[in-house]
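For reference, the structure discussed in these notes is given below.
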Amino acid sequence: MSNPLIFESERVISSAFIDSSVRMGVAQAVLLVQDNLTECFNALGCDGVVYRKDFGAFWVFTKTKVRFVRRPDWREVVTARTFPVDNAGMRTHVNTEILDKNGSRILTANQEACVLSLENHRPRRLAELPYPKDDFPAPVAQMDFSRFPSDFTEDEFVFEQKIRSCHIDMSRHMNNIEYIKFALSVFSDDFLQTHEVTDLEVHYTGESREDQTLRIYRRDVPCDFPDSPDSSAGLKTYIHIREENRCVFECCVEFAA
């Protein structure tokens, strides 16, 4: 018998979800994961619409980690399965897996989220809200979140970007996917065409608003993981985004050797 916490949908990789490689883009992959999570929460009766209207609260996604086996092609049909894997009181973790037409897993993701009060932005306990409490499916993305460096210098500065109205979402803050697009902009398109992303981990550490200016920093770290057979990354890049003196976003992108 299927677990009612698992939301499954068939997706076609449309032109809106591809990049210049004519495959699903890296940022767009996170968008698809977030979108399927939203539909999952809607099916469970715990999405942002319900929380805002009935409980004066809203979801905040604090961390996401995605592992790519491969990125699906334009017009490829895939199946996305999303489900919560725990309830830690003040936060939850939600897994997503994307399968190809043969049922092979091509992407896994783990997301960390919490709920804040609309009134004062303080955390709300999940026990106060309609949210699953037990009978969670087994995780498919058992990926711990990392600790990132914070000591970036001006020598590692790449560019700055002013936040415009097109970057703002319904929270009146900059949309999560826009941060990822800014981060990936430290790489040239030629570089992204010739280097395959294997892992992406992002941390949303602050809120940004229209007309603020963000400064984006980059640090490349050659890496080799002989004790980690599931990772083939040959290059790791940390990206750090600041608004004045506060970090609002940080991430790590790993590329295959």
Step by step, work out the side-chain contact (heavy atoms from CB on, under 4.5 Å) result for L107 and V33.
CA-CA 10 Å; L107 178 154; V33 167; 4.0 Å; yes
Check whether any side-chain heavy atom of R125 lies under 4.5 Å from a side-chain heavy atom of M90, and answer yes or no.
yes
Any non-hydrogen side-chain atom of K236 less than 4.5 Å from a side-chain atom of Y238?
yes
Taking E196 first and then R23, would you say they form a salt bridge - that is, a charged N and a carboxylate O separated by under 4.0 Å?
yes
Residues 104-117 vs salt bridge (charged side-chain N to carboxylate O under 4.0 Å, His left out), sequence neighbours excluded, gives R91-E112, E97-R105
Does any part of the side chain of V202, heavy atoms only, come nearer than 4.5 Å to the side chain of F148, both counted from C-beta?
no
As an exercise, state the distance from CZ of R71 to CD of E76, rounded to the nearest 0.5 Å.
12.5 Å
Only pairs under 3.5 Å count here: list side-chain donor-acceptor contacts from residues 243-252, not counting sequence neighbours, and write none if there are none.
| residue | atom | partner | partner atom | Å |
| --- | --- | --- | --- | --- |
| E243 | OE1 | R246 | NE | 2.9 |
| E243 | OE1 | R246 | NH2 | 3.2 |
| R246 | NH1 | E207 | O | 2.9 |
| R246 | NH2 | E207 | O | 2.6 |
| E250 | OE2 | H203 | ND1 | 3.3 |

Closest non-hydrogen atom pair, A27 against I180
CB-CG2, 3.8 Å
Tell me, with the steps shown, if S104 and N102 meet side chain to side chain donor-acceptor pair (under 3.5 Å).
CA-CA 6 Å; S104 297; N102 299 316; 5.5 Å; no
On a heavy-atom basis, which atom in M24 and which in L32 lie closest, and how many Å separate them?
SD-CD1, 4.0 Å
A quick test of your reading: do over 12 heavy atoms of other residues, nucleotides or ligands sit less than 6.0 Å from CD of E119?
no
If only atom types and distance count, is the side chain of S171 paired as donor or acceptor with the main-chain N or O of H173 below 3.5 Å?
yes
Answer whether the closest heavy-atom distance between the side chains of T62 and Y204 falls below 4.5 Å.
no
Between D86 (side chain) and H93 (backbone), is there a donor-acceptor pair under 3.5 Å?
yes
Considering residues at least two apart in sequence or located in another chain, which fulfil the side-chain hydrogen bond (donor to acceptor under 3.5 Å, both in side chains) criterion with Q193?
S20
L5: which residues meet the side-chain contact (heavy atoms from CB on, under 4.5 Å) condition with it, sequence neighbours left out?
N3, L44, P84, P132, F136, P137
Looking only at the side chains, is there a donor atom on one of T64 and N110 sitting less than 3.5 Å from an acceptor on the other?
no
Short N-O contact, E10 and K101, less than 4.0 angstrom:
no
Flag side-chain contact, heavy atom, 4.5 Å: T82 against I6
no
Ring pair (Phe, Tyr, Trp, His ring centres under 6.0 Å) test vs Y131 passes for just one of F55, Y51, F41, namely F41
Using the ring pair (Phe, Tyr, Trp, His ring centres under 6.0 Å) criterion, which residues pair with F157? Sequence neighbours excluded.
Y217
Side-chain donor-acceptor pair under 3.5 Å between D190 and S188, yes or no?
no
What I'd like to find out is whether the side chain of I106 reaches to under 4.5 Å of the side chain of L99, using heavy atoms alone.
no
Using modelled atom types only, decide if a donor and an acceptor are shared between the side chain of D100 and the backbone of G103 within a distance under 3.5 Å.
yes
Over all atoms of both residues, closest heavy-atom pair of W59 and C46
NE1-O, 2.8 Å
For the pair Q34 (side chain) and L31 (backbone), establish whether a donor and an acceptor sit closer than 3.5 Å, ignoring hydrogens and angles.
no
Under a single-linkage definition using a 4.5 Å side-chain heavy-atom cutoff for Ile, Leu, Val, Met, Phe, Trp and Tyr, are V78 and L37 assigned to the same hydrophobic cluster?
no
Check whether any side-chain N or O of E39 sits under 3.5 Å from a backbone N or O of N36 as a donor-acceptor pair, and report yes or no.
no
Report the C-alpha separation of I163 and L214 in whole Å, then their side-chain angles, then the decisive distance to 0.1 Å, and conclude whether the side-chain contact (heavy atoms from CB on, under 4.5 Å) test is met.
CA-CA 7 Å; I163 301 173; L214 304 180; 3.9 Å; yes
Tell me whether E178 contacts the main-chain N or O of N175 through its side chain, where contact means a donor paired with an acceptor under 3.5 Å.
no
Ignoring hydrogens and angles, tell me if any N or O in the side chain of H167 forms a donor-acceptor pair with the backbone of R164 under 3.5 Å.
yes
Minimum heavy-atom separation for L118 to H121, with atom names?
O-CD2, 3.9 Å
Does Y179 form a side-chain contact (heavy atoms from CB on, under 4.5 Å) with S208? I'd like the steps, not just the answer.
CA-CA 10 Å; Y179 285 108; S208 302; 2.8 Å; yes
Would you indicate whether the side-chain heavy atoms of F68 and T198 approach each other to under 4.5 Å?
no
Does a donor on one side chain sit under 3.5 Å from an acceptor on the other, for T237 and D220?
yes
May I ask you to check whether T38 and D35 show a side-chain donor-acceptor distance below 3.5 Å?
no
Does R219 qualify as a cation-pi partner of F152, given the criterion of NZ or CZ under 6.0 Å from the six-membered ring centre and within 45 degrees of its axis?
yes
Are side-chain heavy atoms of I177 and V30 found at a separation under 4.5 Å?
yes
Salt bridge or not between R215 and E160? Use side-chain N to carboxylate O under 4.0 Å.
yes
For F83, all residues meeting ring pair (Phe, Tyr, Trp, His ring centres under 6.0 Å), sequence neighbours excluded:
none
